[in-house]
Protein chains: 2
Amino acid sequence: MQTHFTIDCVIYSFNEGKLQVLLTERNEYPYKDWWALPGFFVDKNEEMEGAVKRILYEHTGLKDIFMEQLGAFAGVKRHPQGRILTVAFSTIVKYDDVKSKIKPMTSYMRQASWFPVTALPELAFDHHQIIQQSLQKLKNNIHYSTAVYEFLPEKFTLTQLQQVYEAILGKELDKRNFRKKIANDGFLKELQEVQKGVSYRAARLYKFDKRKFQKHVGVE
Amino acid sequence: MQTHFTIDCVIYSFNEGKLQVLLTERNEYPYKDWWALPGFFVDKNEEMEGAVKRILYEHTGLKDIFMEQLGAFAGVKRHPQGRILTVAFSTIVKYDDVKSKIKPMTSYMRQASWFPVTALPELAFDHHQIIQQSLQKLKNNIHYSTAVYEFLPEKFTLTQLQQVYEAILGKELDKRNFRKKIANDGFLKELQEVQKGVSYRAARLYKFDKRKFQKHVGVE
DNA sequence: AATATAGTGTGTATTTTTTACACTATTAAA
DNA sequence: TTTAATAGTGTAAAAAATACACACTATATT
């Protein structure tokens, strides 16, 4: 038996202190005019991972971004025209890198736009379920993955990092405890540089040191 | 574009102090005579979850078992005849419930047999990778899932429970600390019953109390 | 009846991790 | 020079995790 095979992408970014998801407004039936996750069919000889990169590029103009499989959604009734198996992936982009590039690249969608995960519109297909499942996983893995750093520029302040944690976990954290833990982990590199262009005391900048992180997590 | 669509199952059990996986010996090309995960094609109008239940039943004679999706494996080259997308699931069964029932139910396989995860044969397709990924997930979630109890009979001793933990984690645990933690969690129900038929002091029996567990984990 | 065996069952001290909590320092703008 | 805004810092208490050793009990064997 054969099935149609698509990819849907949960593309996150961080802006205005909130965790945001990129959605597209559909211009085709079924679910015409509904908001949906960016998604499309996988080509015959295209690797799944390549397909995810392609859609990410088509929607955001970005390349070479970390991405993770969430799982397959294959309900016979998830699509009105019969089973379309979709594999959901999630990726994280930096809002500022993307904001000027986003535009609909195909006639299948009318526009693309960011929504805070706390204020999503009604969504086509089972996309709401996909997002919720993805969010849960993001929360669960926050301490074991490099995900948080994907939201931030190369150089960032500890306050920015804490805001990302808070947006993902959906709760406030204690500043001193947060810094203590981060310092303890020891995979941030303190730079001899501070923020610029702020009208208050400039914060020190840090870099994420991937090598130290991998030692910490125990990657071989 | 369409693709063939299969399910592969990682079926675990616990026997002789070891975590075991059920494998089948293939009787068809490609990979004839190789060991492989139990797997098959999903029918056109069959739900994926139903398909997993079906294969579990066909291989073990068991019904209504906890199962979990690991993810989709869709490499263009994973099957010599072109892309066959497989969704891997894992399930856990009680060895004693199964041991008399296992037999090949189709001509596609010659025999089915348990292998300790620490001593797997060479496997067809990407099945070795699937098992390793599944094992990692089992370890990661051991404290947040009810998986360990799926390996055990309804009534079990603390030593048995500890052995399952040790088999999954691949390391020994301290008996007193283990019991302290279990007692602390408080979702085991101590029975007024002890083991029978043992030639040494009989151990107390316990039951897993799912309701208390769910409160503990915070399920709504 | 004595003994060997095998697994059960328990307590305490130490270290590590988590949590709670409030003030001073720096900078830019007014 | 004052104001407004955010950066940056330490300590104590509580909770959780770890390390560690011996006595108890049921049974089988002699």
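Just so it is clear: chains get the letters A, B, ... in the order the sequence lines come, proteins before strands, and each one is counted from 1.
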Return the value, rounded to whole Å, for the distance between atom CD of B:Glu172 and atom C1' of D:dC20.
15 Å
Go through D:dT25, D:dG10, D:dA7 for me and flag the one nearest to the A:Asn177 side chain.
D:dG10
Categorize A:Asp174 for me: base, sugar-phosphate, or nothing, with a 4.0 angstrom heavy-atom threshold over every strand shown.
base
Does the distance from a Lys or Arg side-chain N to an Asp or Glu carboxylate O, for A:Asp33 and A:Arg110, drop under 4.0 Å?
yes
In whole Å, what is the span from the NZ atom of B:Lys171 to the P atom of D:dT18?
7 Å
Dump the intermediate steps for side-chain contact (heavy atoms from CB on, under 4.5 Å) on B:Phe125 and B:Leu37, then the final yes or no.
CA-CA 9 Å; B:Phe125 308 109; B:Leu37 291 172; over 6 Å; no
Does a salt bridge link B:Asp209 with B:Lys189, judged by any charged N lying under 4.0 Å from a carboxylate O?
no
Base, sugar-phosphate, or nothing for A:Thr159, non-hydrogen atoms under 4.0 angstrom?
sugar-phosphate
Could you check which of D:dA12, D:dA7, D:dA26 has an atom nearest any side-chain atom of A:Lys175?
D:dA7
A:Arg179 has an atom CZ; how far is it from atom P of D:dT6, in whole Å?
13 Å
Its 5'-most and 3'-most nucleotides having an atom under 4.0 Å from a non-hydrogen atom of chain B, DNA chain C is contacted over C:dA6 to C:dT12
Interatomic distance, B:Arg201 CZ vs D:dA26 C1' [rounded to whole Å]
8 Å
Would you sort out whether B:Leu138 and B:Leu19 count as a side-chain contact (heavy atoms from CB on, under 4.5 Å), showing the intermediate values?
CA-CA 11 Å; B:Leu138 191 59; B:Leu19 183 62; 4.1 Å; yes
Whole-Å distance between D:dA26 C1' and B:Glu193 CD?
17 Å
Using whole Å, report how far CD of B:Gln195 lies from C1' of D:dT27.
13 Å
For A:Gly17 versus A:Ala167, what's the shortest heavy-atom pair and its separation?
O-CB, 4.0 Å
Candidates D:dG10, D:dA19, D:dT6 - which lies nearest the side chain of A:Arg176:
D:dG10
How long is the line joining CD1 of B:Ile182 and P of D:dA17, in whole Å?
12 Å
Starting at atom NZ of A:Lys196, determine the distance to atom P of D:dA7, rounded to an integer number of angstrom.
18 Å
Would you call A:Lys53 and A:Glu49 a salt bridge, taking side-chain N to carboxylate O under 4.0 Å as the test?
no
Along DNA chain C (nearest heavy atom to each residue), the more 5'-positioned of A:Ala202 and A:Lys180:
A:Lys180
Distance-minimising heavy-atom pair for A:Leu158 and A:Tyr206:
CG-CE1, 3.5 Å
